[in-house]
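So you know, we letter chains A, B, ... as the sequences are listed, proteins then strands, and number each from 1.
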Amino acid sequence: MRKKNLLISIFLLAIGIFLSRESFSETLLIGVDAPLTGTAASWGLGQMRSAEMRIDEYNAKGGLNIKGVNYKLELVAYDNKAQAAEATSVAKKLVYEKNVKFILGAAAGATCRGIQTVTGPSNVMLTMCCWGKELLGKEVPLNFRSAHTPFEMADAFMSSIKKTHPEIKTIAIFSPNDTSGWDGGKGALRAAEKLGINCIAEEYYERDVTDFHAVLTRVLAKKPDLLELAASAMGAGSIILKQAHEMGYRGYKSWLANSMPYGVMKIAGAEPSEGLYQCASWDYFSPKFTLPELREAHKKYKERYGEEWDYFGSGNYAISKIVIDSMVKAQSLDPVVVAETMVANQPYTTIFGPVIFGNASVYGLPRALMHPLVLSQIRGGKIVNISFGLHPELAKVVGDWKFPK
Amino acid sequence: MNEKSLPRLLTYTGLIVLIFFSPLLLPGYWEYVFSLIFIKIILCLLLRQMMLMGLLNLSITAFMGIGAYFSAVMTTTLGMSFWFIMPLSGVVCLFIGVCLSFPVLKLKGAYFFIGTVCFAVAIIIFFSNFFIGIFGGVPGFTPIAVPKIKLLGIEIKFNSHISHYYLAGIFMAVSAIIIKRFESSRYGLYWKAISQADRLLETIGVNLFKYKMINFVISCFFGGICGSIYAHIIGIVTPQDFGLEFLFILVALLVVGGIENFWGPIIGVVFVSVIAEFLRGFGQYELIGYGFILVLAMVFLPKGLVGLMEKIFSNYKEKFLVKK
Amino acid sequence: MEDITNIFFMCIVNALMFAMFYVLVSLGLTLVYSILDIVNFAHGEFYMFGGFTAYVLFSKLHVNYFLTLAAAFLVVGAFGVLIEKLIFKRFRGMILQSFIVSLGLIWIFRELARYIFGHWEKEIPVVFKGIITVGKISFSVERLVITIIGFLLITGLFLFITKTKHGRAMRALAQNPDAAALQGVDINFISALAFGIGCGLASMGGVLVGSYLFVSPTMGAHVIMKAFIIIILGGLGSIPGCLLGSLTLGLVDSFGCAFFKVPLVEFITYIVIFVLLVVRPRGLMGHE
């Protein structure tokens, strides 16, 4: 009889402890609406995994404490297969079924336009790497971009190249025929024209084209000084370099928005990629012009997921820390309040160095993440980080910041 | 009333009541899911209608795209009323379908399949690259005007999930009835005959082309209206949304449901779409789960879900009758 | 004037090499479609597996390149036979069902490859290095090798189909399965063999193209639709038709891109194919 009573009391105590633990901890859902399969998975998975890594970091430290309630973070990531209609459906599922207030991770331009038709009216915060001028601004004040687009980096990129090689007079631009591709191509074009470089070819190719010989025949006949790959994917861009080299092109090469540097030399070959300038890809593991935090983060990602991290994914990693820290600082889970806090407390120190949310002159509101831009070049089959620069708006705030030696 | 029509009447009434009152039970997001299901049901019914003639019409999403873009541009850029433009989208697609039917209906089997695919891909390339100022190009066309209606002096806006549900639902009910009537009529008979013995029909003087064209043009018309409603429910139209991926999924939904029965597409779409919603929770593994479902469904249910249900009912009937 | 001649010849060379690339992918497909009467949309995934076989054997384990080619043919071919026996066997003659099943297989294979190898594009070191320049036209030795091997494969397959016992059995099966069975053809064996050879050919294509381009889980997606269009345009079951279809596509692409931008060329390509189909509703070399 006594034994039975003892067992019952232990049982009830256990339930009590279990229940009381639950009541001190609520779940905060963080959504991701990105292409997790297909060709665009290269960016979508980067977005999702960066959110996942961040969430695990915060949960390991005990979660968030907002207004006395303990929150455990949980990731809800759905695959939108890089289609706008699917992205919209997924956004509706996140916002209306799961009551998600923060979607921290989205990629592939047209899908974001679909997502914001849902998040805009519902006051849900969206951080993304998608390109497109209309994705930020007064009509969507809770949209933040986590990485550079041509509006933030094309001018600096082109002027460094032109300064090093003033003899460049003509440029040929190759970019995929979709939203990011158009943005990349137009961005490179704008930057080049500002410097007096004449664009002799602006080629937009379908993403599944692998044979560029026919197009190159036409373009290379016009003898461009600089071959610019804009928003080409790592594989396609490397192929263009290889085939151009094969057809006799020996001019200068640049790639505004490659997000994965490590495969280029291998796929294109050492010679065809020699001298290639990049600014969204640099050697993330080299001690030159990187912070130890960046190298750490890339190492962590590689150990956990077994492959390299793209630039845009690391951007999402940086911005999600800012978002979550702002939640704690503002002691609020209201996206509007968190957004105000984010904008009010800049600059931030991140894995990239100091960042601000800026470029209001382009978008209308300061929502684009801007960090020190690193210029890299492929020399002798290796990526070398050559120099870095600060966007004028960033320089105004952090002035003479430099990478540690 | 004879013994067949009473249960059938009860089934139809039951279904209509279920569809009408479901929103009381369904959470908001599921109303949206079902509004898309309704549209997919129509598209699959149209696919099946062409299959009665033995033709796999892969241009249907292209016509849906044409209807969607037409409706989006007309209502948003030109400010015209949705209620006027929606049927007009169908008419526009009908005309394009008539023009297309002259070359394309000469083809049969695999050649028809590729011919319609070529048309479908050409339409996507068209909307991606030409007249970007009007259609928006690859980034798509958004925002899209919200349909409004004035009832008894009150303006009702169709921008909520429940309004989309009823809009799609009513359209589905009406179209399904029309499609069923066509199938049960003389036209349906001719269509089925075309798939089996078209040479024979020609010898007895039947104008094959006329019947093929009527079938094709019906799918274009309803496909166009589907596109129009789809555009206003989703709120964004991009060329890729009407591409081969969506098309192949529709074919899969149809085949998994069962081609031979009219209810096949309906059951297939509802069943698989609901399962797909739960599969989403697997994130990056959703697609591989979908793949397994398709393979398993085909291997174990070659006649589709309808085939399975028929087997169950016939077993049940057997047991029931035997017991008696 | 010299410039135009140069461009003209460059276009011809480009067209030929472009065509050979697609021949590698579509040769096996026309075999499978005509003999087994099924639509295997997952054909591109066997091409992809061939590429990854080369990545594993050649890039990582440094096995001899020609051994890798043979290994890819055998390994992926054997895998194809397995898939045929497990899955496609019951769908012989059922176009729609085989199509849907292959759609499911596509996703399974692609995601499996992505899970194992990751989503970044992988390289295969160039074996046939060097660039050949003839006058003002230059192309890489690699492309020349692919073209030559493409021709060899077409010839090899053609000889196999016409001269060998199994090849003739396959043709018999393609023409009339019942009559073939009456003649003593083992339908199960021949079907599995045909499917295996088809997949093996595709995988060899993957190995060759892998070093010329790259290897990725989605590389099959880029080629499968065009491959289907080629085999149907050329006429189902016709090997010369496959070549002709590829050449047509190559010529339109090559000369088109010399004058117009890529999206317009793509648009024109599909219109041209559509017109050709309407004019020759049984394919370019199909029989009525």
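- The existence of a salt bridge linking Lys261(C) and Glu202(A) is excluded, since no basic side-chain nitrogen approaches an acidic carboxylate oxygen closer than 4.0 Å.
- At a 4.5 Å heavy-atom cutoff, the contact between Ser211(C) and chain A is made by backbone atoms alone.
- Put simply, of Phe117(C), Phe255(C), Trp107(C), Phe260(C), the one with the most heavy-atom pairs under 4.5 Å next to chain A is Phe260(C).
- Of the atoms belonging to Leu45(A), it is side-chain heavy atoms, and not backbone ones, that fall under 4.5 Å from chain C.
- Proximity to chain C (any heavy atom under 4.5 Å) is restricted, for Gln243(A), to the side chain, taken from C-beta onward.
- Salt bridge absent: Lys242(A) and Glu123(C) never bring a charged side-chain N and a carboxylate O closer than 4.0 Å.
- Of the atoms belonging to Ile131(C), it is side-chain heavy atoms, and not backbone ones, that fall under 4.5 Å from chain A.
- Contact annotation for Ile239(A): only side-chain heavy atoms (C-beta onward) come within less than 4.5 Å of a heavy atom of chain C.
- Taking chain C as the reference chain and counting heavy-atom pairs below 4.5 Å, the highest number among Leu216(A), Thr210(A), Val209(A), Asn177(A) is found for Thr210(A).
- Note: Tyr212(C) leads Tyr212(C), Phe21(C), Phe139(C) in heavy-atom pairs under 4.5 Å with chain A.
- Ala236(A) touches chain C through its backbone: at least one of N, CA, C or O sits under 4.5 Å from a heavy atom, while the side chain does not.
- Put simply, the side chain of Arg114(C) does not reach to within 4.5 Å of the side chain of Leu36(A), judged on heavy atoms.
- Side chains of His222(C) and Arg207(A): a donor-acceptor N/O pair is absent below 3.5 angstrom, by distance only.
- When the candidates Tyr204(A), Tyr262(A), Tyr305(A) are compared by the number of heavy-atom contacts under 4.5 Å with chain C, Tyr204(A) comes out ahead.
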